[in-house]
Amino acid sequence: MSEIKSLLRSAKERLAASDIQEIDAEHLFAYVLGISRMDLHNSVKVEATLKALGDFGVIEDTFAKLISRRASHEPLQYLTGVAYFRHLEIEVGTGVLVPRPESELLVDAVLTHIANLEQTIDGEISVIDLGSGSGALALAIATEAPRSRVIAVEKSEDAITWLKKNVAKISENVRVVEGDVADVLPGIKCDIVIANPPYIPNAQSLPRDVAEHEPHIALFGGATGLEAPEAFIAAAARLLKRGGVLAIEHTEEQGNAIDALLSREFIDIALHQDLTGRPRWSSAIRKNL
């Protein structure tokens with residue numbers, strides 16, 4: 001175990017020198033061993049795993065390569081291939097945005113609304129996820145609200161690959177549609193639209209993990225950051241039934257601007273906080289036109 005402790009200490013020092021959380025070294029070593037991070041503190045479990053795996057040199061080399069990649073700010077989730085969202089293990093990698101826990105309260109609110117609709121509507125509740133990416137939000141809703149019928153819309157070919165993987169693994173009831181929000185699903189009407197559009201202004205700087213590795217198509221929303229959200233809001237207005245609900249993510253500074261865009265076609269606009277207490281998403285009801 002002293003050799004393991006020395007290996008981890010060295011890895012943590014290297015990550016710290018790159019301004020990365022030291023705990024990521026534990027996550028990566030546990031990933032290499034195929035055990036949980038908590039099991040790293042169980043010497044009996046670690047020794048049994050090392051014995052079963054055999055060649056420690058291969059383990060050490062694999063770990064060193066992962067630490068090198070993490071020190072270069074490649075996202076931890078890309079290295080392990082998994083991002084955790086609510087109760088789900090979402091497969092992620094190059095070409096798809098890593099799902100953020102800040103989105104979980106939006107899902108909570110949508111699930112509450114679905115439960116309320118179920119008291120008054122027979123049959124399924126229809127939900128469209130615009131800009132679905134990995135499918136984290138769509139799959140969380142589909143698995144936690146069995147009466148929902150979810151369509152996940154995505155235009156990026158790279159992201160579609162990950163979306164289809166996750167749908168196949170978690171819930172094949174989610175329908176995947178490749179297309180642009182501007183004209184996707186003609187003639188379709190639904191009860192709920194959720195949207196996580198690209199909303200970062202093009203000139204804004206981002207942390208290295210994000211700027212250098214995550215897909216810019218899923219991040220930057222135009223010169224002001226509002227161009228893409230405006231297109232998503234227009235799509236939601238087209239797709240929603242009268243009285244249908246939209247829940248849309250945005251930056252903490254964009255609440256008033258999003259309100260102004262929503263007010264053209266929506267009423268009962270409300271700004272909501274994420275898990276960190278920041279105003280990060282808005283809800284609105286489609287006008288009865």
Side-chain angles (χ1 to χ4, degrees), residues 95-97 99 103 106-107 110 113 124-139 141-142 148-168 171-202 214-251 254 257-267 269 281-289:
V96 72
L97 201 66
S103 301
L106 182 152
V107 172
V110 170
H113 182 59
E124 296 174 317
I125 311 299
S126 52
V127 182
I128 296 176
D129 178 14
L130 296 177
S132 191
S134 65
L137 277 67
L139 288 163
I141 291 169
S148 63
R149 184 180 76 254
V150 184
I151 299 176
V153 176
E154 178 57 55
K155 74 173 184 179
S156 164
E157 291 184 8
D158 290 333
I160 282 280
T161 299
W162 294 103
L163 175 57
K164 288 181 176 179
K165 283 183 181 180
N166 288 313
V167 166
S171 177
E172 292 187 346
N173 290 330
V174 173
R175 175 187 169 196
V176 176
V177 174
E178 185 171 359
D180 192 285
V181 298
D183 53 18
V184 74
L185 300 173
I188 298 296
K189 295 292 182 182
C190 66
D191 299 300
I192 301 166
V193 168
I194 58 174
N196 183 18
Y199 49 64
I200 298 169
N202 290 348
E214 296 197 62
H216 287 189
I217 190 175
L219 295 167
F220 295 107
T224 68
L226 292 167
E227 287 80 359
E230 183 173 13
F232 275 62
I233 289 169
R238 172 175 59 83
L239 292 165
L240 282 167
K241 300 173 183 177
R242 288 181 286 183
V245 169
L246 166 65
I248 183 169
E249 297 193 52
H250 49 74
T251 71
Q254 291 173 333
I258 293 292
D259 187 299
L261 293 174
L262 288 168
S263 63
R264 302 170 186 170
E265 307 267 12
F266 292 85
I267 59 173
I269 301 164
W281 64 280
S282 293
S283 63
I285 297 176
R286 183 72 169 91
K287 288 180 180 178
N288 291 321
L289 298 178

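Hydrogens, waters and symmetry mates are skipped; everything else that's a heavy atom, side chains included, is used. Remember, predicted model here, so these are calculated numbers, not experimental data.
- Looking at heavy atoms from C-beta onward, F232 lies out of side-chain contact with V193 at the 4.5 angstrom threshold.
- A 4.5 Å side-chain heavy-atom check between P229 and I258 finds at least one atom pair inside the cut-off.
- Listed by first and then second residue, the salt bridge (charged side-chain N to carboxylate O under 4.0 Å, His left out) pairs involving residues 176-185 are K155-D180 (not counting sequence neighbours).
- Atoms CG and CD1, from L261 and I269 in turn, are 9.5 Å apart once rounded to the nearest 0.5 Å.
- Between V127 and S148 the shortest heavy-atom distance is CG2-CB, 4.4 Å.
- Counting heavy atoms from C-beta outward, E154 and V184 have side chains that stay 4.5 Å or more apart.
- Note: I194 CD1 to W281 CH2 = 10.5 Å, rounded to the nearest 0.5 Å.
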Original post:
What do the steps show when you test R264 against E230 for side-chain contact (heavy atoms from CB on, under 4.5 Å), and what is the final call?
Top reply: CA-CA 11 Å; R264 302 170 186 170; E230 183 173 13; 2.9 Å; yes
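- Listed for the K189 side chain is a donor-acceptor partner under 3.5 Å among the backbone atoms of R238.
- Considering all non-hydrogen atoms of both residues, T224 and P201 come closest at O-CG, 3.5 Å.
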Subject >> side-chain contact (heavy atoms from CB on, under 4.5 Å) evaluation trace for L262 with L246 >> reply: CA-CA 10 Å; L262 288 168; L246 166 65; 3.5 Å; yes
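- The nearest pair of heavy atoms linking A247 to V110 is CB-CG2, 4.2 Å.
- To the nearest 0.5 Å, atoms CG (L130) and CD1 (I248) are separated by 8.5 Å.
- Between K165 and V96, every side-chain heavy-atom pair lies at or beyond the 4.5 Å cut-off.
- Residues N173 and V150 form no side-chain contact, since every pair of their non-hydrogen atoms from C-beta on lies 4.5 Å or further apart.
- The NE2 atom of H250 sits 11.0 Å away from the CG atom of N196 when rounded to the nearest 0.5 Å.
- Of the inter-residue distances, the one linking I128 atom CD1 with C190 atom SG reads 3.5 Å to the nearest 0.5 angstrom.
- Distance CG/L219 to CG/N202: 10.5 Å, rounded to 0.5 Å.
- When all heavy atoms are compared, the tightest approach of L139 to S134 is CD1-O, 4.4 Å.
- Nearest approach of S263 to A260, heavy atoms of both residues: OG-O, 2.7 Å.
- L226 places a side-chain heavy atom less than 4.5 Å from the side chain of Q254.
- Proximity of D191 to S126: side-chain heavy atoms (C-beta onward) are separated by under 4.5 Å at one or more points.
- Residues S103 and L137 are in side-chain contact: their nearest non-hydrogen atoms beyond the backbone lie under 4.5 Å apart.
- Looking at R242, its side chain never comes within 3.5 Å of a backbone N or O of R286 through a donor-acceptor pair.
- Among all heavy-atom pairs drawn from K287 and F266, the shortest one is CE-O, 3.6 Å.
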